[in-house]
Amino acid sequence: MAVSTSRITSEVDFLEDGKHSGYLRLPHSVHRSAYGWLPIPITCIRNGEGPRVLLMAGNHGDEYEGQVALCELIRQLQPEQVRGRIIIMPMANYPAALAGTRTSPLDEGNLNRSFPGNPDGGPTQMIAHFIESVLLSDCDYFVDLHSGGSSLHYLPTVCGGRRDDPVEARQIYDLMKVFGAPYGFIFPRGREDRVSTAASARKGVVSLLTELGGSGTVTPEILAIARRGLRRVLAHVGSLRDPEPELSVPLPVKLTRADSQDWFVHASADGVWEPLVELGDEVVAGQPAALIHTPETPWREPAAVSFRAAGIVICKRIPARTERGDCLFHLGTEFDPAVG
Ligand SMILES: [Zn+2]
């Protein structure tokens, strides 16, 4: 592991063979606990040399699919089944995951807007710094399991960030196909460098992010995709000694992309929003997307918002009450990695 300036210490030795579970200790000196620390659960499964993999969920605390799938993997996976090292963090932003909220109740920190973090910041900044400067600095592959959380719902989607390095870009597209979610989404190139995909790019780590369902719950269908996808990725990168042959059977995935904010539809007013399309629908530019009603002034005509691009509806807002600026939908347009 890299020499760390982090104040977070690990009960688990990442260089030791075997399966070891314990806590990252984040110093947290507060009124009720002067010398206390926050316990961030972590497991390391290591068996000799091989790929170094980091699997993470609970980056946003109200996204549960990955948390459940990783707990199960920790219990099931044994060192003799593994090549190299797999580090698993099911509750990356532990205070947020404990509270079941997107951001941390301790500092309002959104972990996925906090990279590269700060070892002297609040708990969320300290966690981001540890993940980027310690874990990703000593890592080959990274999977960050997200979903739509409380406010959004996604079709089961695996996501990748764009990379300037063509070899890294190809590896990411290959992993997106391997995971086995029915949809893939390439994030638009942008200025957002505070997310985990940007952190992994800075460290040259091949990374995947998922957006598996959401609505603040878990479903059997989505969990099955998450479980299978994790094992398929581990088999593909060489982390499993004797993977089941069915893990390498190709599965269909529709790769999509969004080029700009035109692929996102936001509420233009406060009120109760009425969706005019559903997840999975194909829409065209100019098509009506939603009406926003104002029961407070029921005689007023609802505000209408339209799609500004064509594509498949892969994400929608869940709560009916909305405020101007909330994301209601986003689209993906079919994407051919060979063309870009
Ligand atoms: Zn998330």
Side-chain angles (χ1 to χ4, degrees), residues 40-41 54-71 88-117 123-125 127-128 131-132 135-136 142-161 172 175-176 179 181 183-188 190 192-201 205 207-219 222-223 225-226 229-230 233 256 258 263-264 266 279 314-319 326-330 332:
I40 305 169
L54 173 62
L55 305 176
M56 196 169 102
N59 180 333
H60 291 135
D62 61 342
E63 301 170 7
Y64 304 105
E65 298 84 347
Q67 297 184 44
V68 173
L70 289 187
C71 289
I88 307 177
M89 282 178 80
M91 297 174 88
N93 196 356
Y94 167 77
L98 199 63
T101 51
R102 179 173 177 83
T103 55
S104 172
L106 299 182
D107 56 11
E108 291 299 316
N110 178 343
L111 179 57
N112 217 31
R113 302 293 184 276
S114 299
F115 295 97
T124 308
Q125 287 286 330
I127 294 168
I131 291 168
E132 180 160 343
L135 297 179
L136 289 177
F142 172 42
V143 181
D144 190 10
L145 297 160
H146 289 250
S147 77
S150 306
S151 71
L152 299 173
H153 196 95
Y154 269 89
L155 295 173
T157 302
V158 62
C159 303
I172 287 172
L175 272 190
M176 290 175 70
F179 191 89
Y183 293 89
F185 180 71
I186 307 287
F187 284 109
E192 184 52 84
D193 58 0
R194 300 171 297 170
V195 295
S196 69
T197 43
S200 56
V205 175
S207 68
L208 269 192
L209 188 145
T210 66
E211 295 288 4
L212 298 171
S215 305
T217 188
V218 294
T219 66
I222 297 281
L223 274 180
I225 293 171
L230 285 166
V233 166
T256 71
W263 272 250
F264 294 74
H266 290 89
L279 283 169
I314 63 172
C315 175
K316 70 174 271 198
R317 177 176 170 81
I318 292 302
D326 288 341
C327 180
L328 302 180
F329 290 114
H330 88 71

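Both ligands and their constituent atoms are indexed starting at 1 by order of listing. Remember, predicted model here, so these are calculated numbers, not experimental data.
Note on the Zn ion (ligand 1): protein N/O/S atoms under 2.8 Å are His60 ND1, Glu63 OE1, Glu63 OE2, His146 ND1.
Here NE2 of His153 is found 6.5 Å from CG of Leu279. Values are rounded to the nearest 0.5 Å.
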Sequence neighbours left out, cut at 3.5 Å: what donor-acceptor pairs do the side chains of residues 91-101 make with other protein atoms?
| from | atom 1 | to | atom 2 | distance (Å) |
| --- | --- | --- | --- | --- |
| Thr101 | OG1 | Thr103 | O | 2.8 |

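Scanning for ring-ring contact (aromatic ring centres under 6.0 Å, His included) contacts around Tyr154 gives His330, with sequence neighbours left out.
Residue pairs meeting the salt bridge (Lys or Arg N to Asp or Glu O under 4.0 Å) criterion with at least one partner in residues 92-102, sequence neighbours excluded, are Glu63-Arg102.
Below 30°, between 30° and 60°, or above 60°: for Phe264 and His266 the angle between ring planes is below 30°, a parallel geometry.
Minimum heavy-atom separation, Gly161 to Thr197: N-CG2, 4.5 Å.
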